[in-house]
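Here the structure is laid out as structure tokens; the discussion comes afterwards.
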Amino acid sequence: MNTNAIGVFDSGLGGLSAVKQMLKAMPNENIIYFGDTGRVPYGNRSKDTIRRYAMQDANFLLENNVKMVVAACGTVSSVAPDLEEALGVPYTGVVLPTCYTALRESKNGRVGVIGTTATINSHSYKTRIQLKNPNFEVFEQDCPLFVPLVENGIIDRNDPIVRLVVEKYMSALKNANVDTVILGCTHYPILKEAIADYMGKDVLLIDSGKETALYTKKVLSENGLSNNSDEKGTAKFFVSDTPDNFEKIASLFLSKDMKNQVSQINIEEY
Ligand code: DGL
């Protein structure tokens with residue numbers, strides 16, 4: 001048993017989709033979350049920059065003695081899949097757990113993947129799926145406007161702007177008759193209702209945050225690192241810009257009051 005926290009990071013709010021599921025799946029685990037709100041978005045930056053940011057994010061978490069690092073970020077997972085070698089603690093990104101679920105759940109072998117531009121250009125999900133099953137057809141679409149919508153709290157399924165942007169990005173996948181769509185950026189589950197409204201109930205949407213939370217639980221257990229205490233765990237939140245906006249949207253998304261619950265750090269020091 002290990003009571004140290006699980007360290008989770010993302011470029012901003014997106015990784016909260018993993019935290020939300022971790023709180024459900026592992027209520028007794030402690031969590032430390034870092035959202036790099038001062039440098040979001042990562043998805044349209046170069047590989048080198050994304051890797052440097054990811055190392056700084058992980059170093060901050062390691063300094064807080066986390067027992068595992070979770071890159072709850074499709075972009076980092078796609079561009080820096082080998083981060084674990086540098087960390088010295090178990091590590092996961094979101095690509096692997098999400099692909100396993102798509103391979104298991106798709107009936108017609110036609111899978112859509114949506115993600116940031118860096119994620120889609122890396123073909124990380126497509127490569128992983130086709131390595132396991134070359135008969136799968138994978139249709140990729142980047143959705144660069146989704147992250148700014150989420151970071152600005154424009155997430156209501158009935159908002160005409162949300163509906164329009166969803167249609168713009170999802171229409172090609174709908175026409176391709178996919179039966180499964182991987183929400184390959186952790187910001188996207190926050191728009192899941194709007195995406196589901198457009199794709200229809202027959203299309204399965206795979207939440208990268210949820211699959212990653214379940215996979216994290218498995219890795220902890222396999223490594224004898226689970227926290228088996230009966231006490232409810234704590235969650236601490238850090239960001240690299242002023243916390244106000246993060247607190248507001250996190251309160252909505254996690255359905256709990258986050259006011260004065262988020263601290264600002266200087267990530268350039270790590
Ligand atoms: N939530 C992230 C991802 O999964 C980051 C998006 C971004 O910063 O562009 O890709």
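Numbering of ligands and ligand atoms starts at 1, following listing order. Basis for what follows: all heavy atoms, side chains included, without hydrogens, waters or symmetry-related copies.
Summarising the contacts of atom 10 (O) of ligand 1 with Leu16, Thr75, Val147, the nearest heavy atom is found in Thr75.
A salt bridge is defined here as a Lys NZ or Arg NE, NH1 or NH2 lying under 4.0 Å from an Asp or Glu carboxylate O, and Asp82 with Arg51 meets this definition. Taking 4.0 Å as the cut-off between side-chain N and carboxylate O, Lys259 and Glu247 do not count as a salt-bridged pair.
Residue Pro41 has at least one heavy-atom neighbour below 4.0 Å for each of these atoms of ligand 1: 7 (C), 8 (O), 9 (O). For ligand 1, the atoms closer than 4.0 angstrom to any heavy atom of Gly74 are 3 (C), 4 (O), 10 (O). Shown in contact with Gly43 at under 4.0 Å from a heavy atom are these atoms of ligand 1, numbered in order with element: 7 (C), 8 (O), 9 (O). Of all the atoms in ligand 1, the ones that sit under 4.0 Å from a non-hydrogen atom of Thr116 are 6 (C), 9 (O), 10 (O). Near Asp10, meaning under 4.0 Å from any of its heavy atoms, are these atoms of ligand 1: 1 (N), 2 (C), 5 (C). Short contacts between ligand 1 and Thr186, defined as distances under 4.0 Å to a heavy atom of the residue, involve ligand atoms 1 (N), 2 (C), 3 (C), 4 (O). Using a 4.0 Å cut-off to heavy atoms of Ser11, the atoms of ligand 1 that qualify are 5 (C), 6 (C), 7 (C), 8 (O).
Nearest heavy atom pair, residue Leu62 against residue Val69, reads CD2-CG2, 4.1 Å.
For Tyr42 and Tyr53, the ring centers sit closer than 6.0 Å to each other. Here Phe60 and Phe238 bring their ring centres to under 6.0 angstrom of each other.
In this structure, atom 7 (C) of ligand 1 lies nearest to the protein heavy atom Tyr42 N, 3.3 Å. Of the protein's non-hydrogen atoms, the one nearest atom 1 (N) of ligand 1 is His187 ND1, 2.6 Å.
Between Tyr169 and Phe146, the ring-plane angle classifies as perpendicular under the 30° and 60° cut-offs.
Of the inter-residue distances, the one linking Glu193 atom CD with Arg157 atom CZ reads 4.0 Å to the nearest 0.5 angstrom.
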